[in-house]
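Fair warning: this is a prediction, and the values are worked out from it, not measured in the lab. Counting starts at 1 for both ligands and their atoms, in listed order.
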Amino acid sequence: MKVLVTGGAGFIGSHVVDRLLADGHQVVVVDDLSTGKRANLNPGARFYEMDIQDRALAEVLERESPDVVDHHAAQMDVRRAVEDPLFDARVNVLGLLNVLESCVRSKVRKVIFVSSGGAVYGEPERLPADEDHPIRPITPYGITKYVGEKYLYFYRVVHRLDYTVLRYANVYGPRQDPHGEAGVVAIFIGLLAKGQVPTINRYPDGEMQRDFVFVGDVVEANAAALTRGSGRVLNIGTGRGTTVSDLLEAVQHTLGTRIEPHFGVARPGELRQIYLAIDRAERYLGWRPRVNLEQGLWETAEWFRRQALSDPTTH
Ligand SMILES: NC(=O)c1ccc[n+]([C@@H]2O[C@H](COP(=O)([O-])OP(=O)(O)OC[C@H]3O[C@@H](n4cnc5c(N)ncnc54)[C@H](O)[C@@H]3O)[C@@H](O)[C@H]2O)c1
């Protein structure tokens, strides 16, 4: 099969690309390298450095004629979305529409659309949050991801473009950017490895809790969605909540460090608690996460250690 991965130079998209190539698919990457890295690009994939909002995207799709488009490119910085909702909407809504219009013109069979289980539900009224949980995003990012899901429904009904929506929980693993806004695992590993003090942001009435899913498991869900999960919206997480303190504890255990954290105040737009029900992904994709937090952290820490050895500037 031929698959075009948008955002294929990014943290998650690049792992998806690696896996699809290993499975024998032909892969094309479209990425503007705004947060993605050239170093993440798999040389086995043809690469187009391009903004998904660029009109020329239609020509790329026409030339490449992929069977499936796996749409990972996004503005995914929640804080930036709150500060600049216009930018967020341009990339996540207008960019998506440009992708979908190009898909229709090139007769793409299916789009895998990456949404966010951590953002669309808002502060959950029940846990774990299932796909039928009310949608009450409290950030522009959560809103634009949900709007994207609704556009997919429209394109399926009217243009017969099939889709699967994957609502990711908090994804962690090798290649996650420790300098970014997201990615508490990468941030903790980066700080602790340098002997620096991490900060735990919390609410007056308690700790934040998140669902941490390993990137390798997320990749499996994408591989399954190439042929399954037609017209479905599916949570991709672990079904388990981990407090940020417990996460820090687990990271310290992995690295063999013992550094007392600072405590800070949670920012506006941050949820207190979220973890996702995942039975539907099992039913429709035959998917379950296989990597537990301990194994996933170990693999992630190993990758950061190797990176630091190969790049002395990160010491
Ligand atoms: N990391 C998580 O925990 C998480 C959780 C839920 C959903 N997601 C979603 O997963 C996807 C991938 O996120 P990630 O964590 O790998 O982040 P990332 O920033 O590493 O990847 C995003 C990629 O998209 C590219 N990109 C951004 N804007 C673009 C544009 N206008 N045109 C072309 N390319 C563009 C970036 O250069 C980057 O390579 C995003 O859609 C994000 O919203 C991530």
For residues Y163 and H71, establish whether the separation of their ring centroids is below 6.0 Å.
no

Is there a nitrogen or oxygen of S34 sitting under 3.5 Å from a nitrogen or oxygen of ligand 1?
yes

Over 12 non-hydrogen atoms of neighbours within 6.0 angstrom of CZ in R240
no

S116 versus ligand 1: do any nitrogen or oxygen atoms come within less than 3.5 Å of each other?
no

Could you give me the CA-CA distance, side-chain angles and deciding distance for D18 and R175, then say whether salt bridge (charged side-chain N to carboxylate O under 4.0 Å, His left out) is met?
CA-CA 13 Å; D18 292 351; R175 298 184 191 151; 2.8 Å; yes

Given E220 and R288, is the salt bridge (charged side-chain N to carboxylate O under 4.0 Å, His left out) satisfied, shown in steps?
CA-CA 9 Å; E220 291 294 321; R288 278 198 82 72; over 6 Å; no

Identity of the nearest option to atom 9 (C) of ligand 1, non-hydrogen atoms only, from V114, V215, V171:
V114

Can you tell me which portion of Y172 lies within the under-4.0 Å heavy-atom range of ligand 1? Options are side chain, backbone, both, or neither.
neither

Which of the atoms in ligand 1, numbered in the order shown and given with their element, are less than 4.0 Å from a heavy-atom of N170?
3 (O)

For atom 15 (O) of ligand 1, which of H15, M76, Q53 has the closest heavy atom?
M76

Any idea which part of Q75 is under 4.0 Å from ligand 1, heavy-atom wise: side chain, backbone, both or neither?
neither

To the nearest 0.5 Å, what is the distance between CZ on F113 and OG1 on T6?
9.5 Å

First locate atom OG1 of T300, then atom CZ of F214, and finally report the distance between them rounded to the nearest 0.5 Å.
5.0 Å

Ligand 1 atoms nearer than 4.0 angstrom to some heavy atom of S115 are 6 (C), 7 (C)

Relative to the heavy atoms of M50, which atoms of ligand 1 are at a distance of less than 4.0 Å?
32 (N), 33 (C)

Test your reading of the structure: does I52 have an N or O sitting under 3.5 Å from an N or O of ligand 1?
yes

Which one of G237, A9, G10 has a non-hydrogen atom at the shortest distance from atom 21 (O) of ligand 1?
G10

Based purely on interatomic distance, does H72 place a nitrogen or oxygen under 3.5 Å from a nitrogen or oxygen of ligand 1?
yes

With a cut-off of 4.0 Å, which atoms of ligand 1 are near a heavy atom of G36?
36 (C), 37 (O), 38 (C), 39 (O)

Can you tell me how far CZ of R232 sits from CZ of R283, rounded to the nearest 0.5 angstrom?
8.0 Å

So the atoms of ligand 1 within less than 4.0 Å of a heavy atom of T35 turn out to be 18 (P), 19 (O), 22 (C), 36 (C), 37 (O), 38 (C)

Which option wins on minimum heavy-atom distance to atom 5 (C) of ligand 1: G118, A169, G183?
A169

As an exercise, state the distance from OH of Y275 to OG1 of T238, rounded to the nearest 0.5 Å.
10.0 Å

Is it true that R202 and S245 share a donor-acceptor pair across their side chains at a distance under 3.5 Å?
no

Can you tell me which portion of L33 lies within the under-4.0 Å heavy-atom range of ligand 1? Options are side chain, backbone, both, or neither.
backbone

Test item, K145 contacting ligand 1 (heavy atom, 4.0 angstrom):
yes

With only distance considered, is H71 within less than 3.5 Å of ligand 1 through an N or O on each side?
no

Main chain of V291, side chain of D217: is a donor-acceptor contact present, judged purely on distance under 3.5 Å?
yes

Is the shortest N/O to N/O distance between V30 and ligand 1 below 3.5 Å?
no

May I ask you to check whether over 12 heavy atoms, not counting those of R272, lie within 6.0 Å of atom CZ?
yes

Taking both backbone and side-chain atoms of D32, is any N or O found less than 3.5 Å from an N or O belonging to ligand 1?
yes

Based purely on interatomic distance, does I12 place a nitrogen or oxygen under 3.5 Å from a nitrogen or oxygen of ligand 1?
yes

Of all the heavy atoms in A119, does at least one lie under 4.0 Å from an atom in ligand 1?
no

Rounded to the nearest 0.5 Å, what separation is found between the CZ atom of R38 and the CD atom of E49?
5.0 Å

Is it the case that ligand 1 has an N or O less than 3.5 angstrom from some N or O of D51?
yes

Set out, in order, the CA-CA distance, both residues' side-chain angles and the distance that settles salt bridge (charged side-chain N to carboxylate O under 4.0 Å, His left out) for R280 and D132, then state yes or no.
CA-CA 11 Å; R280 217 171 276 186; D132 296 328; 2.8 Å; yes

Could you tell me whether the side chain of N235 and the main chain of I278 form a donor-acceptor pair under 3.5 Å?
no

